[in-house]
Amino acid sequence: EVSLREVEVSVRRQALYSRDFDGDANELQTLRRDAVGQIVEQVLLEQRGRNMGLAIGDKALSQFIVSEDNPDYPLFTDRDGNFDKKSYRDQLGQLLGATPELYRRSKERELIGKRYIGFLANQVKVSEQEIKAEFERGARTWNLEFMTIAPSRFEVEGEALEDAALVDFL
């Protein structure tokens, strides 16, 4: 279950990291819509991961939060770039509007979703032939200077169009 508070925390995070956000009401609405979409995606990925038996222990979750792997890590550091517990609590409350428990829950969801995606990515095997064929298909270009069109394909009420009418039709 996702609370309205979690959505608001996500919106604040996106606004914080969005260089283009200037507080406009339309932009805020777009951020909210994007945040809801991301949370729904994370919840679905988390559910799939949990159904497969994926989980995150408290210790692993704490290690992630205080590591540079956490995108929010710079918010929680002191001047020397080290994790600062006071800064962590202050920034959660003031900047993100979250409690430590709510933040940990959202990071747990995020991590389980990432692990599930990682699991899926490891299941996909692409052969060298498939890679080469896709590359060649993408690199293939066509130089079409003209096309031949059969006038019989462009009949109007049973009559074939004349050359001039065909050009006008196209």
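Keep in mind the model is a prediction, meaning the values are calculated, not measured. Any value given below was found using the heavy atoms of this structure, including those in side chains, with hydrogens, waters and symmetry copies removed.
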Expected list for residues 28-40: side-chain donor-acceptor pairs under 3.5 angstrom, two or more places apart:
residue: Thr30; atom: OG1; partner: Asn26; partner atom: O; Å: 3.0
residue: Arg32; atom: NE; partner: Glu8; partner atom: OE2; Å: 3.2
residue: Gln38; atom: OE1; partner: Gln14; partner atom: NE2; Å: 2.5

To the nearest 0.5 Å, what is the distance between [atom1] on [X] and [atom2] on [Y]?
X	Y	atom1	atom2	value
Arg109	Gln47	CZ	CD	9.5 Å
Leu92	Ile65	CG	CD1	8.0 Å
Leu111	Leu61	CG	CG	6.5 Å
Glu46	Asn51	CD	CG	10.0 Å
Leu54	Arg48	CG	CZ	12.0 Å
Gln42	Glu108	CD	CD	12.0 Å

Please assess Tyr103 against Phe76 for the test ring pair (Phe, Tyr, Trp, His ring centres under 6.0 Å), listing each intermediate value before the final yes or no. CA-CA 13 Å; Tyr103 184 75; Phe76 311 137; 5.7 Å; yes
Check this for me: Glu128, atom CD, are more than 12 non-hydrogen atoms of other residues, nucleotides or ligands nearer than 6.0 Å?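 Atom CD in Glu128 is not crowded, with 12 or fewer foreign heavy atoms closer than 6.0 Å.
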Side-chain donor/acceptor of Ser10 to backbone N/O of Glu6, under 3.5 Å: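 No, because the side chain of Ser10 does not come within donor-acceptor range (under 3.5 Å) of the backbone of Glu6.
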Donor-acceptor contact present, side-chain Asp80 to main-chain Asn82, <3.5 Å: no
May I have the list of side-chain donor-acceptor pairs in residues 112-119 shorter than 3.5 Å, sequence neighbours left out?
residue: Lys114; atom: NZ; partner: Glu110; partner atom: OE2; Å: 3.4
residue: Arg115; atom: NH1; partner: Ala55; partner atom: O; Å: 3.1

With side chains defined as the heavy atoms from C-beta onward, is the minimum distance between Pro71 and Lys107 less than 4.5 Å? yes
Under 4.5 Å between any side-chain heavy atoms of Ser67 and Gln63, yes or no? no
Could you give all pairs that pass the salt bridge (charged side-chain N to carboxylate O under 4.0 Å, His left out) test and reach residues 82-102, with sequence neighbours left out?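 For residues 82-102: Lys86-Asp90.
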Which pair of non-hydrogen atoms, one from Lys125 and one from Glu130, has the smallest distance, and what is that distance? O-OE1, 4.1 Å
So which atom in Val126 and which in Ile131 form the shortest heavy-atom distance, rounded to 0.1 Å?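 Scanning both residues completely, I find the closest heavy atoms to be CG1-CG1, 3.6 Å.
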The test is side-chain contact (heavy atoms from CB on, under 4.5 Å); show your working for Arg5 and Leu102 and say whether it passes. CA-CA 9 Å; Arg5 189 86 191 126; Leu102 181 67; 3.5 Å; yes
side-chain hydrogen bond (donor to acceptor under 3.5 Å, both in side chains) for Thr99 and Arg104? Distances and angles first, verdict last. CA-CA 9 Å; Thr99 64; Arg104 288 179 65 83; over 6 Å; no
